[in-house]
Every structure is written in C-alpha cells, then in structure tokens.
Amino acid sequence: MKIILQNYKKPFLIAEIGINHNGSINNAKKLIDLAKACEFNAVKFQKRNPDVSIPKDQKNKLRQTPWGEITYLDYKKKIEFGKKEFDEIDRYCKRKKIFWFASAWDVESVVFLKRYKLKYNKVASAMLKNIELLKKIAGEKKLTFISTGMCNLKDIQKCIKIFKEKKCKFILMHCVSNYPCPLEDLNLNMIPVLKKKFKCEVGYSGHESHVSPSIMAYFLGARYIERHITLDRSMWGTDQAASLSENGMRTLSNILNKTNKVLGDGIKKVTKREKELIKKFRYWD
C-alpha cells in the first residue's frame, strides 16, 4: 500500500491591520513592524469612502469614541486614511520589505488603490454580494483573497463566476464574521468542503481571540492564513478583541513555519543521537 504524505508547505500569513490603527499613522507603522518581526508575509488595510460605503440608516447614529460622542459617519471619517497616509504606508512597507494591500469597500476606493500597483486584492465578507464592486476588482486581474463570511454557498458561487469570467485568480477565505468569534461558530470543516465544491484554493480568515483554530485550519488545508493584529487587545476599537497581539502572532508563525521540519519525510531511520544511546542501553549486543 502506497502512503501519500502531506506536504505542509510554509503558509502565507496575512496580518490584518484593518482599522486597528485608530486613524494613527504611527500606530500603523508599529503594526507593520510587529507583522514583520513575527514573520508575517503581508499586512492588509481597509479603504473606503465613508459617504458611500456606510448605509444611510447608520450614518447619524451616535457613538462614544475617543473623540467624544459623534455620529458613526464622523467616526469612520476620523479613522480613514487618505493619500498622505497610504503614500507613507507604501514607502514604509517597501523599506521593511513586506507586502501590503487593502480591501476596497467601494469602486472609488478600488480606483484609489490602483496607484500603488499592489500585488493582491481583497474582497471583504461584507462586500461579497456587491456585484459592481466585484466586477471592478476582478477586472484588475490581481490575485484576490475573497472572504466568505455573512453569505451562503449560492452567494459564493455567483462571486466565483464573476472572477472566472474576468479570468482573475482568487483564493477563497473561509470566514465567520463575528468579532470576536466564539469557538463553536468557527466551523473549520468548511475549509475542505469549500475546496471540494469549488475546486479551488481555500484559506482561512479568523476573528477569534485564540491561536489554535488557525493551526487547525492549516492542517485542514488552508495555506493562506489571515488574522487581525493589534498592539494591545484592550485598546479602543471594534476589532481589537478579535485580534492577535504579539505573543499570539509569534506563537502562530513559529508553529506554522516549522511544520515541515517537525513532520519529516516519513522514512524510518535511526538518528545519530539514537545510535549513541544504543551503546548505552543495549547491554546484550
């Protein structure tokens, strides 16, 4: 009987900075530094025009923020980066030698990001049914990570059809859009299910406060792992508690990056150290 060994190649780790910078370019740089130090391959931001991408019934809702009680629209504008900040992010990531990209939440933001000649695109879960936006992103023909939270299999199928029609390569990212997500809702067995149904690469975008599910996702076949990151999980912000801080990031990358070394080649052999111990323990030889 021939045994087929799994090849657990080194994963592609994405540090989702998102809006955890709270509108501070200095925080953004610290998060980029953290991602690089923890051996992540890329950092990801979000880009939106709040006037366009926030539903009308949400814009004037009041919210307590570090800037006082302001409307949800004003809050989103406070933390939104513009050209000045993204120019600096682009320069800084090039200097640090780490990829960066962003999820665009509206067509205007897709056009805005185009100036940076980024290698990757991202479809956020909340945008998966935005047909106009999907067509615009797929039309750029960049490798695109597609998160699959807040949707069903038919929604995913329609999205995939657009990317195939545009001949744009993509990677589905199994995702459950709870922040943070309870362990019992993670449903990691969707990773092999999505792979089988759509015959494509499937990664994992996690919002839980633990490290272990990402490792489980990897052993279920996810070779692209995206995790929100934070400087401090107690910081103000909606995504901070669903993010990994430095200890979690280092644990995740250390485990996943040495998997192949630990698993070995499956060929039984006596190691050099074992040969030394044979002389110590086999008294009958």
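The structure displayed is predicted, hence computed values, not measured ones. Note that the numbering runs from 1 along the sequence shown for the chain. These values consider heavy atoms only, across backbone and side chains, with no hydrogens, waters or symmetry-generated copies.
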Chi angles and distances behind the salt bridge (charged side-chain N to carboxylate O under 4.0 Å, His left out) call for R250, E246: CA-CA 6 Å; R250 288 192 184 279; E246 181 175 358; 2.9 Å; yes
Distance in Å, I98 CD1 paired with I32 CD1, rounded so as to fall on 0.5 Å steps: 7.5 Å
ILVMFWY network linking I171 to V202, side-chain heavy atoms under 4.5 angstrom: yes
Contact summary for A217 and L188, nearest pair of heavy atoms: N-CD1, 4.1 Å
Pair T71-K59, side-chain donor/acceptor within less than 3.5 Å: no
For the student: nearest non-hydrogen atoms of L34 and T230, plus distance: CD2-O, 3.8 Å
ILVMFWY network linking I131 to M150, side-chain heavy atoms under 4.5 angstrom: no
Side-chain ion pair, E88 and K29, N-O less than 4.0 Å: yes
Side chains of S234 and D232, donor plus acceptor under 3.5 Å: yes
K197 NZ: over 12 foreign heavy atoms closer than 6.0 Å: no
Pairwise distance OH(Y72) to NZ(K61) - rounded to 0.5 angstrom: 10.0 Å
K122 NZ to S205 OG distance, which is reported to the nearest 0.5 Å: 4.5 Å
L113 vs F45 side-chain heavy atoms within contact, under 4.5 Å: no
Mutual orientation of the aromatic rings belonging to H228 and Y179 [parallel < 30°, tilted 30-60°, perpendicular > 60°]: perpendicular
Any donor-acceptor pair under 3.5 Å from N49 side chain to S109 backbone: no
For E140, side chain to side chain donor-acceptor pair (under 3.5 Å) partners two or more places apart: N121
Pairs meeting criterion ring-ring contact (aromatic ring centres under 6.0 Å, His included) with involvement of residues 9-43, two or more places apart: F12-Y120, F12-Y224, H21-F81
Within one Ile-Leu-Val-Met-Phe-Trp-Tyr cluster: L153 and V193, side-chain cutoff 4.5 Å: yes
Point-to-point distance, once rounded to the nearest 0.5 Å, from CD of E69 to CD of Q64: 4.5 Å
Side-chain touch M127/S103, heavy atoms, less than 4.5 angstrom: no
Residues E276 and R273 bridged, charged N to O under 4.0 Å: yes
Candidate pair R91 and D87, rule side-chain contact (heavy atoms from CB on, under 4.5 Å), full reasoning: CA-CA 6 Å; R91 286 191 294 267; D87 283 352; 3.9 Å; yes
Beyond-backbone contact of K9 with R223, side-chain heavy atoms, under 4.5 angstrom: yes
Derivation and outcome, side-chain contact (heavy atoms from CB on, under 4.5 Å), residues K166 and I137: CA-CA 10 Å; K166 297 285 187 178; I137 292 172; over 6 Å; no
Side-chain touch Y75/W67, heavy atoms, less than 4.5 angstrom: yes
Ionic contact status for E80 with K47, cut-off 4.0 Å: yes
From I79 atom CD1 to R48 atom CZ, the distance as rounded to the nearest 0.5 Å: 7.0 Å
Heavy-atom closest pair, residues I25 and E85: CD1-O, 3.7 Å
Criterion salt bridge (charged side-chain N to carboxylate O under 4.0 Å, His left out) on R63 and D74, from CA distance to verdict: CA-CA 9 Å; R63 179 162 185 169; D74 286 339; over 6 Å; no
Contact summary for E208 and S214, nearest pair of heavy atoms: OE2-OG, 3.8 Å
Note, H207 side chain near N178 side chain (heavy atom, < 4.5 Å): no
Test item: K94 and D90 side chains (from C-beta on) under 4.5 Å apart, heavy atoms: yes
hydrophobic_cluster_shared for V176 and F198, side chain cutoff 4.5 Å: no
side-chain contact (heavy atoms from CB on, under 4.5 Å) between L13 and R227, worked out: CA-CA 8 Å; L13 297 178; R227 292 301 309 268; over 6 Å; no
Side chain to side chain, F163 and I146, heavy atoms closer than 4.5 Å: yes
Greater than 12 external heavy atoms within 6.0 Å of K258's NZ: no
Heavy-atom neighbours of K135 NZ exceed 12 at 6.0 Å: no
side-chain contact (heavy atoms from CB on, under 4.5 Å) assessment of L194 paired with M173: CA-CA 9 Å; L194 290 172; M173 303 291 281; over 6 Å; no
Heavy-atom neighbours of K269 NZ exceed 12 at 6.0 Å: yes
Where D155 and L128 come nearest, the two heavy atoms and their spacing: O-CD2, 3.5 Å
Side-chain donor or acceptor of K36 paired with backbone N/O of K96 under 3.5 Å: yes
S24 backbone acceptor or donor facing N22 side chain under 3.5 Å: no
Heavy-atom closest contact (C181 atom, L186 atom, distance): SG-CD2, 3.6 Å
CD (E132) with more than 12 external heavy atoms under 6.0 Å: no
Inter-residue atom distance K76.NZ - K78.NZ, 0.5 Å rounding: 15.0 Å
Side chains of E226 and S147 in contact at under 4.5 Å (non-hydrogen atoms): yes
Hphob cluster co-occupancy, L133 + V111, side-chain heavy atoms under 4.5 angstrom: no
